[in-house]
Amino acid sequence: MTNFFHSITVERATEAYVLSRGKARFLSIAQAIRAIRTLMPACRATDRELEELLATLSLVHGVPVAFDTNSADGVAPQLHS
């Protein structure tokens, strides 16, 4: 029996997460970043880079997104569709 694993990129993991949330009311950026960091603890992308990737993929796939991460400027989280 041969066992091998395909490597997964952060982009593919992020897209899979976005697609999994397609039937939900919205995608939480904060929750998505936590999920990706749990799946890929060695991920070198910054939270900001993950946020941008998640927002882009959510837009591409028509998934509403909640920008609910803590921001340095104190701006309240917003829901975008």
Side-chain angles (χ1 to χ4, degrees):
M1 173 182 226
T2 303
N3 291 321
F4 69 94
F5 296 94
H6 296 282
S7 61
I8 185 166
T9 64
V10 69
E11 292 83 4
R12 290 187 72 190
T14 302
E15 185 165 29
Y17 187 86
V18 168
L19 290 172
S20 76
R21 304 301 297 166
K23 295 194 188 311
R25 284 187 31 200
F26 62 89
L27 179 140
S28 161
I29 293 287
Q31 185 176 356
I33 289 172
R34 283 192 303 273
I36 291 165
R37 295 229 181 270
T38 299
L39 176 67
M40 305 180 79
C43 176
R44 293 184 180 183
T46 66
D47 284 357
R48 180 69 180 156
E49 290 169 332
L50 289 174
E51 184 176 356
E52 289 176 8
L53 183 57
L54 286 159
T56 299
L57 290 169
S58 293
L59 179 65
V60 167
H61 293 291
V63 177
V65 60
F67 292 91
D68 56 354
T69 56
N70 294 333
S71 64
D73 58 7
V75 175
Q78 299 178 0
L79 177 64
H80 297 273
S81 58

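A distance of 3.5 Å separates NE2 of H61 from CD of E15, quoted to the nearest 0.5 Å. Going from atom CG of L50 over to atom OH of Y17 covers 12.0 Å, rounded to the nearest 0.5 Å. In this structure, OG1 on T56 lies 11.0 Å from CD on E11, to the nearest 0.5 angstrom. The line from OG of S28 to CZ of F67 is 11.0 Å long, rounded to the nearest 0.5 Å.
Residues I36 and L19 are members of separate hydrophobic clusters, defined by side-chain heavy-atom contacts under 4.5 angstrom among Ile, Leu, Val, Met, Phe, Trp and Tyr.
Looking at every heavy atom in both residues, L39 comes nearest to A13 through CD2-CB, 3.8 Å. Looking at every heavy atom in both residues, V10 comes nearest to C43 through CG2-SG, 3.7 Å. Closest approach of I29 to A55, counting heavy atoms only: CD1-N, 4.3 Å.
Applying the side chain to side chain contact (heavy atoms under 4.5 Å, CB included) test to R48 and every residue at least two apart in sequence or in another chain returns T46, E51, E52.
Under a 3.5 Å cut-off, the side chain of D68 and the backbone N or O of A30 do form a donor-acceptor pair.
With L54 as the fixed residue, the side-chain contact (heavy atoms from CB on, under 4.5 Å) test singles out one of V63, L59, T69, V18: V18.
Screening residues 33-45 for salt bridge (Lys or Arg N to Asp or Glu O under 4.0 Å), with sequence neighbours left out, gives R37-D47.
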